[in-house]
Amino acid sequence: MRILVLGFTGYLGRHVVERLRALPGALVLGGGRSPAADLDVDLARVSPERLAKTLASAAPDTVVNCAGATGGDAVTLAEVNTRGPAVLCAALREAAPAARLVHLGSAAEYGPGTLDAPVTESAATRPVGPYGATKLAGTVTVTASGLDAVVLRVGNPVGPGAPPTGLPGRIATLLREAGPDPEAVLRLGDLSAYRDFVDVRDVARAVALAATAPGPLPTVLNIGGGRAVPVRDLVRNLAGLAGFRGRIEESTARTAGSGRSAQVSWQCSDITAAEGALGWRPAHSLDDALAELWEGGRTR
């Protein structure tokens, strides 16, 4: 099986490639802008015609799209998260219409959740900002493409290698900088939100299952931890792992955190459909994911 992973150098992409390369008989190719890429692919810039030629030469059985932007202005987000999937689908229809497409979406597409009501794939989508809106536009493009495609709507990934651009990685970075100083102070925004955290290794396993599952799959599957966790608890757990002896100061002002945190106070994904379609459930606990995040950073 020939599998092309786009965005293979990113946080999710690296774990996905590692998992896919462990599959018997799998030849995994990396596509992106990195010099290490097997195929030079920039979804924000490439034309559908040029990408179709690239795909024809690679002849993939499966394409996994891990490429995406989580930050930047609305134009950057739209170029990568919306234009990218549209160009990819157009090129696949021309060059490899039988290939399966596994596209990584985001739980941010749903927007605000309802307390104690995990959101299913059929729920209304009401993203609150450019990131969720552009990811949703990409999902719509994929699900309407007519291809053998599935969108995995991923919750908040955490675990080994988490980058400082996301909350867990940022907190870990701050804790490493603070060290054991009992006078250290971590000044953070509002931590009252609840989020659905999922180990990045479980995300990679879901991708591998989706890439190799026989027959058609549902168009959208939630991939999350399946429970809402207070962000405050995640911060405290990481501080405990770090042996942090200082003080955590949390702003209670709703404007102190990110705009999305202020507008989305509770979020949790119903992962029943993924279990039925893929036989997938999370294998790693949040405690395990945080321990791997902390220990992995210490050994680098």
Side-chain angles (χ1 to χ4, degrees), residues 1-23 26-46 51 54-55 58 60-72 76-77 79-85 87-89 91-92 99-109 131 134-135 138-139 142 149-166 168-169 197-212 221 223-224 278 280 284 289 292-293 296-297 300:
M1 171 181 281
R2 296 172 66 86
I3 306 174
L4 171 60
V5 180
L6 301 176
F8 75 107
T9 60
Y11 177 42
L12 295 179
R14 294 196 306 273
H15 286 275
V16 166
V17 166
E18 181 180 1
R19 186 79 190 196
L20 292 175
R21 283 182 173 159
L23 295 175
L27 173 62
V28 181
L29 304 173
R33 294 173 294 178
S34 166
D38 299 294
L39 300 173
D40 181 12
V41 177
D42 180 358
L43 290 179
R45 300 286 183 269
V46 69
L51 182 56
T54 300
L55 293 175
D61 300 295
T62 300
V63 175
V64 179
N65 185 25
C66 299
T70 58
T76 299
L77 291 168
E79 286 174 343
V80 180
N81 298 338
T82 302
R83 182 189 189 275
V87 170
L88 177 57
C89 287
L92 278 172
R100 168 165 292 172
L101 172 59
V102 181
H103 175 74
L104 297 192
S106 169
E109 298 170 34
Y131 171 68
T134 56
K135 289 296 289 184
T139 287
V142 171
V150 58
V151 175
L152 303 183
R153 271 192 181 137
V154 178
N156 292 260
V158 62
T165 51
F197 294 100
V198 58
D199 193 295
V200 66
R201 295 165 294 180
D202 284 323
V203 176
R205 183 166 53 88
V207 170
L209 289 168
T212 57
L221 290 171
I223 302 298
L278 302 176
W280 177 91
H284 300 279
E292 287 294 319
L293 166 59
R300 282 201 296 270

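Keep in mind that this is a model prediction, so the values were computed, not measured.
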Spatial distance of atom [atom1] ([X]) from atom [atom2] ([Y]) [nearest 0.5 Å]:
{"X": "L278", "Y": "L209", "atom1": "CG", "atom2": "CG", "result": "5.5 Å"}
{"X": "L12", "Y": "T70", "atom1": "CG", "atom2": "OG1", "result": "9.5 Å"}
{"X": "R100", "Y": "T212", "atom1": "CZ", "atom2": "OG1", "result": "8.0 Å"}
{"X": "R153", "Y": "L104", "atom1": "CZ", "atom2": "CG", "result": "12.5 Å"}
{"X": "L20", "Y": "T62", "atom1": "CG", "atom2": "OG1", "result": "8.5 Å"}
{"X": "D61", "Y": "L27", "atom1": "CG", "atom2": "CG", "result": "9.5 Å"}

Suppose we screen for side chain to side chain contact (heavy atoms under 4.5 Å, CB included). Which residues come up paired with [X], at least two apart in sequence or across chains?
{"X": "R33", "result": "D42"}
{"X": "A67", "result": "L43, N65"}
{"X": "R201", "result": "H15, P160, D199, H284, D288, E292"}
{"X": "P164", "result": "T173"}

Please name all residues satisfying side chain to side chain donor-acceptor pair (under 3.5 Å) with [X], sequence neighbours left out, ordered by chain then number.
{"X": "R19", "value": "none"}
{"X": "T76", "value": "D73"}
{"X": "R2", "value": "none"}

key: Which atom of F8 lies closest to which atom of A37, heavy atoms considered   =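 Shortest heavy-atom contact: CZ-CA, 3.5 Å.
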request  = Give a yes or no on whether the backbone of T134 and the side-chain of T82 come within a donor-acceptor separation of less than 3.5 Å.
outcome  =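 Pair found, side chain donor or acceptor close to backbone of T134.
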task = Kindly say whether G30 contributes a backbone atom to a donor-acceptor pair with the side chain of D38 at under 3.5 angstrom?
result =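 A pair under 3.5 Å: yes.
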request  = Indicate yes or no: at least one non-hydrogen side-chain atom of L4 is less than 4.5 angstrom from one of L55.
outcome  =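 In short, these two side chains touch, coming nearer than 4.5 Å.
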message = With heavy-atom distances below 4.5 Å as the criterion, would you say the side chains of P60 and L29 are in contact?
response =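 Not in contact.
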key: Residue list, salt bridge (charged side-chain N to carboxylate O under 4.0 Å, His left out) with R14, at least two apart or on another chain   =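 Listed in chain order: nothing, the list is empty.
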request  = Using the test salt bridge (charged side-chain N to carboxylate O under 4.0 Å, His left out), find all partners of R21 that sit at least two apart in sequence or belong to another chain.
outcome  =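 R21 satisfies salt bridge (charged side-chain N to carboxylate O under 4.0 Å, His left out) with no other residue.
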query = In a check of side-chain contact (heavy atoms from CB on, under 4.5 Å) between V207 and each of D202, I223, V16, which one passes?
reply =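 Of all the options given, the one that passes is V16.
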key: Option from L6, V46, L39 for which side-chain contact (heavy atoms from CB on, under 4.5 Å) with L51 holds   =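 Of the listed residues L6, V46, L39, the side-chain contact (heavy atoms from CB on, under 4.5 Å) partner of L51 is V46.
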query = Taking it one step at a time, do H103 and L88 satisfy side chain to side chain contact (heavy atoms under 4.5 Å, CB included)?
reply = CA-CA 10 Å; H103 175 74; L88 177 57; 5.7 Å; no
